[in-house]
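This report concerns only the one structure given below.
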Amino acid sequence: DTAVSQTPKYLVTQMGNDKSIKCEQNLGHDTMYWYKQDSKKFLKIMFSYNNKELIINETVPNRFSPKSPDKAHLNLHINSLELGDSAVYFCASSQPLIQGRYEQYFGPGTRLTVT
Amino acid sequence: GESVGLHLPTLSVQEGDNSIINCAYSNSASDYFIWYKQESGKGPQFIIDIRSNMDKRQGQRVTVLLNKTVKHLSLQIAATQPGDSAVYFCAERKTSYDKVIFGPGTSLSVIP
């Protein structure tokens, strides 16, 4: 069973289009995230949601709008796509463990290519 | 500002040898330091973490060392295997603020 799943795995689209990436986790975690990984493999957090509530918004352009219909889903909608949005987008989820520890589980990623 | 970085962007090791991947960080306020492994075409996978009040933690074939004096973190992989080939990220996290900051990654290549 896939713990964190994302669709689609690949997304090729033209500049100016609007697209969405979906994420679902079946781990029962309360917190979900979106990360962007650029061509140099650098991973940067974009958003974090806890129980459907936005916790972290890392100065991401407002063309990016996350939506969490329930705590098992966190979708990412992107308006007016730009060339610089080309990257791999990872969804993740986490749950606190004892003594402040936690493990973060990542999805397989969505490779977005904007032409 | 906050930053987590790596000394070596690429590392090649012979199968069976030990690997050491290093990481420097600048934020002393982090509570946990974490290592992730990312295989080609996959998402990062948690390997091991260490709390800021510890200096060493061991897992299966992996050991993480934390030197707070020089703000240095390392991941040691014993008897490196071809399946260990991947990009390794160090990351840091503050318990009070659920945000993980990743370093730029080191690519480990295991030579059979």
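Lettering of chains follows the sequences in order, A, B, ..., and the numbering in each one begins at 1. Only this structure's heavy atoms are used, side chains among them; waters, hydrogens and symmetry mates stay out.
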### Message
Please find the pair of heavy atoms, one from F46(B) and one from Q104(A), that lie closest to each other, and give the distance.
### Response
CB-O, 4.3 Å
#### Entry: Heavy-atom closest pair, residues F102(B) and F42(A)
O-CE1, 3.7 Å
Proximal component of [X], with respect to chain B [non-hydrogen, under 4.5 Å]:
X       : answer
K9(A)   : side chain
Q37(A)  : side chain
Y105(A) : neither

Does [atom1] in [X] sit with more than 12 non-hydrogen atoms of other residues, nucleotides or ligands closer than 6.0 Å?
X      : atom1 : value
Q14(A) : CD    : no
K71(A) : NZ    : yes
R57(B) : CZ    : yes

Do [X] and [Y] belong together in a cluster built from hydrophobic side chains that touch within less than 4.5 Å?
X       : Y      : result
Y33(A)  : L54(A) : no
L27(A)  : M32(A) : no
L83(A)  : V12(A) : no
V100(B) : I45(A) : yes

#### Entry: Pairs of heavy atoms under 4.5 Å with chain B: top-ranked of K40(A), K41(A), Q6(A)
K41(A)
#### Entry: Side-chain heavy-atom pair L43(A), Y36(B) within 4.5 angstrom cut-off
no
### Query
Atom CD1 in I47(B), atom CD in E103(A): separation rounded to 0.5 Å?
11.5 Å
### Task
Let me know if Q38(B) has heavy atoms under 4.5 Å from chain A in its side chain, its backbone, both or neither.
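For Q38(B), side-chain heavy atoms alone lie under 4.5 Å from chain A.
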